[in-house]
Amino acid sequence: HLCEQRAIQHPQAAIFQSLTMPKNKQRKPPTTEDLLRDLLIVQLGLAGLTQHQIREIVGVDIYRVNRIVKHLKKSTQ
């Protein structure tokens, strides 16, 4: 009942908690294929392709591309 009371007091917090991953669930370690895809995303990002183009080439979702490409500095030309 405590969770229901908190949800009534803070509805946004309840929504956020339902969308986050449980703390006890562990992720599987990345495979070699995952790492190679990430490297390809980095290289294509450095080459100047848009995130949409990278997504189409690599065949992953846009969130994965965004998560990696956002850390790359834009080159000054």
Side-chain angles (χ1 to χ4, degrees):
H1 299 310
L2 183 60
C3 292
E4 292 173 358
Q5 291 172 350
R6 287 184 183 169
I8 293 169
Q9 293 172 353
H10 303 287
Q12 291 89 2
I15 293 170
F16 180 72
Q17 283 180 337
S18 67
L19 296 177
T20 58
M21 253 174 118
K23 298 287 183 196
N24 58 1
K25 187 174 182 180
Q26 294 184 0
R27 290 187 193 172
K28 61 181 181 178
T31 63
T32 304
E33 185 177 323
D34 292 332
L35 296 174
L36 288 172
R37 286 182 195 273
D38 291 350
L39 280 172
L40 180 58
I41 291 169
V42 169
Q43 290 299 315
L44 293 172
L46 290 174
L49 276 70
T50 66
Q51 291 183 13
H52 182 71
Q53 291 170 326
I54 295 171
R55 185 195 67 76
E56 288 179 345
I57 292 170
V58 181
V60 296
D61 59 77
I62 195 70
Y63 301 108
R64 183 171 175 178
V65 174
N66 182 26
R67 178 175 49 92
I68 295 168
V69 173
K70 70 180 178 183
H71 296 288
L72 302 176
K73 287 187 172 184
K74 293 195 176 199
S75 62
T76 55
Q77 294 180 358

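These values consider heavy atoms only, across backbone and side chains, with no hydrogens, waters or symmetry-generated copies.
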Residues which pass side chain to side chain donor-acceptor pair (under 3.5 Å) with [X], listed by chain and number, not counting sequence neighbours:
{"X": "Glu56", "answer": "His52"}
{"X": "Asp34", "answer": "Thr31"}
{"X": "Gln53", "answer": "Thr50"}

Could you list the residues that satisfy salt bridge (charged side-chain N to carboxylate O under 4.0 Å, His left out) with Arg37, not counting sequence neighbours?
-> Glu33

With side-chain contact (heavy atoms from CB on, under 4.5 Å) as the test, would you mind laying out the steps for Val65 and Val58 before giving the verdict?
-> CA-CA 9 Å; Val65 174; Val58 181; 5.8 Å; no

Provide the full list of side chain to side chain donor-acceptor pair (under 3.5 Å) pairs with a residue in residues 58-71, sequence neighbours left out, each pair given once.
-> Asp38-Arg64

Spacing of Leu39 atom CG and Leu44 atom CG [to the nearest 0.5 Å] = 11.0 Å

How long is the span from the CD1 atom in Ile41 to the CG atom in Leu49, to the nearest 0.5 Å?
-> 12.0 Å

Quick check on the hydrophobic clustering: are [X] and [Y] connected, directly or via other members, by side-chain heavy-atom contacts under 4.5 Å?
{"X": "Leu40", "Y": "Leu46", "answer": "yes"}
{"X": "Ile54", "Y": "Leu72", "answer": "yes"}
{"X": "Leu36", "Y": "Ile68", "answer": "no"}

Provide the closest heavy-atom pair for Ile62 versus Arg55 in the form atom of the first, atom of the second, distance.
-> N-CD, 3.7 Å

